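As the structure is a computational prediction, the values presented were derived from the model and not from experiment. Below, each value reflects all heavy atoms present in this structure, side chains not excepted, and no hydrogens, waters or symmetry copies.
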Amino acid sequence: AQSVTQLGSHVSVSEGALVLLRCNYSSSVPPYLFWYVQYPNQGLQLLLKYTSAATLVKGINGFEAEFKKSETSFHLTKPSAHMSDAAEYFCAVSTGNQFYFGTGTSLTVIP
Amino acid sequence: EAQVTQNPRYLITVTGKKLTVTCSQNMNHEYMSWYRQDPGLGLRQIYYSMNVEVTDKGDVPEGYKVSRKEKRNFPLILESPSPNQTSLYFCASSLSVGAAEAFFGQGTRLTVV
């Protein structure tokens with residue numbers, strides 16, 4: 001079975017500081033990898049996805065993620081946090097016929 | 001507007017009373033799926049459908065049923081709800097599984113008392 005591990009269920013950063021949300025996956029073959037964001041009382045929205053075209057993936061709202069096969073990681077970063085980035089972030093893997101999500105990281109941005 | 005529509009958004013019901021949560025998408029997507037979201041557990045896939053009349057179990061299918069009679073609709077049925085099915089449910093659709101982006105509904109918050 002596939003698994004997705006997100007280290008840190010809660011992350012707090014100051015406005016303007018670097019955002020780093022960690023994701024590791026287990027897969028015997030390179031999977032498709034995604035980051036989704038969930039704002040309060042809403043469904044999930046795609047931030048970015050890795051499909052093997054490039055290891056550094058740029059997404060919406062200034063977010064990017066780097067696929068590192070040797071570390072089986074797909075960490076999400078943003079150089080400068082904004083108050084509007086406060087949300088829950090989910091890393092996900094697609095392999096076989098299913099999607100597998102991590103347990104989520106709640107990001108708080110401190111003014 | 002491309003969207004996935006779930007109804008109802010909120011539902012409180014009693015143990016054992018059958019209920020259906022509807023899901024409809026207007027993007028002609030092949031793949032549809034249901035998830036439940038619980039604190040500390042993230043999203044877990046309940047059932048998925050690769051196409052009309054093709055459904056399969058996800059990771060937590062016990063106590064749920066689905067059907068896919070039309071491409072656009074994928075209802076979730078709880079024949080005899082129990083309190084441990086109290087959760088936030090999401091329907092999602094995508095062109096296919098794999099690299100395709102999943103589009104999510106707004107969610108249905110279900111409470112079973």
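Within the 4.5 angstrom heavy-atom criterion, only backbone atoms of B:Leu41 (N, CA, C, O) approach chain A. Heavy atoms closer than 4.5 Å to chain A are found nowhere in B:Ser33, neither backbone nor side chain. The part of A:Gln38 that comes within reach of chain B is its side chain, from C-beta onward, which places non-hydrogen atoms under 4.5 angstrom from that chain. The parts of B:Asp59 that come within reach of chain A are both its backbone and its side chain, each placing non-hydrogen atoms under 4.5 angstrom from that chain. Residue B:Gln37 touches chain A through its side chain alone, counting heavy-atom pairs closer than 4.5 Å. At a 4.5 Å heavy-atom cutoff, the contact between B:Gln106 and chain A is made by backbone and side-chain atoms alike. Only the side chain of B:Arg9 comes within contact range of chain A, with at least one heavy atom under 4.5 Å from a heavy atom of that chain. Both the backbone and the side chain of A:Phe99 come within less than 4.5 Å of a heavy atom of chain B. If you measure heavy-atom distances from A:Ser9 to chain B, you find no contacts under 4.5 Å at all. When heavy atoms are compared at a cutoff of 4.5 Å, B:Phe103 does not approach chain A at all.
Note: B:Phe104 and A:Tyr36 meet the aromatic proximity criterion, with ring centroids under 6.0 Å apart.
More than 12 heavy atoms of other residues, nucleotides or ligands lie within 6.0 Å of CG in B:Asn84, so this atom counts as buried by the packing criterion. Counting heavy atoms of neighbouring residues, nucleotides and ligands inside a 6.0 Å radius, atom CZ of A:Arg22 does not exceed 12 of them. For B:Ile12, the CD1 atom is loosely surrounded, since the number of other residues' heavy atoms within 6.0 Å does not exceed 12.
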* To do: Check the pair A:Asn24, A:Thr5 against side chain to side chain donor-acceptor pair (under 3.5 Å), reporting the backbone distance first and the verdict last.
  => CA-CA 5 Å; A:Asn24 289 88; A:Thr5 302; over 6 Å; no
* To do: Walk me through it: do B:Glu101 and A:Lys49 pass the test salt bridge (Lys or Arg N to Asp or Glu O under 4.0 Å)?
  => CA-CA 8 Å; B:Glu101 172 186 358; A:Lys49 65 178 180 180; over 6 Å; no
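Under the 4.5 Å side-chain heavy-atom criterion for ILVMFWY residues, no single connected hydrophobic cluster contains both B:Tyr48 and B:Val21.
By number of non-hydrogen pairs under 4.5 angstrom with chain A, the leading residue of B:Pro39, B:Ala100, B:Ser96 is B:Ala100.
The shortest heavy-atom contact between B:Asp38 and B:Ser87 is OD1-OG, 2.8 Å.
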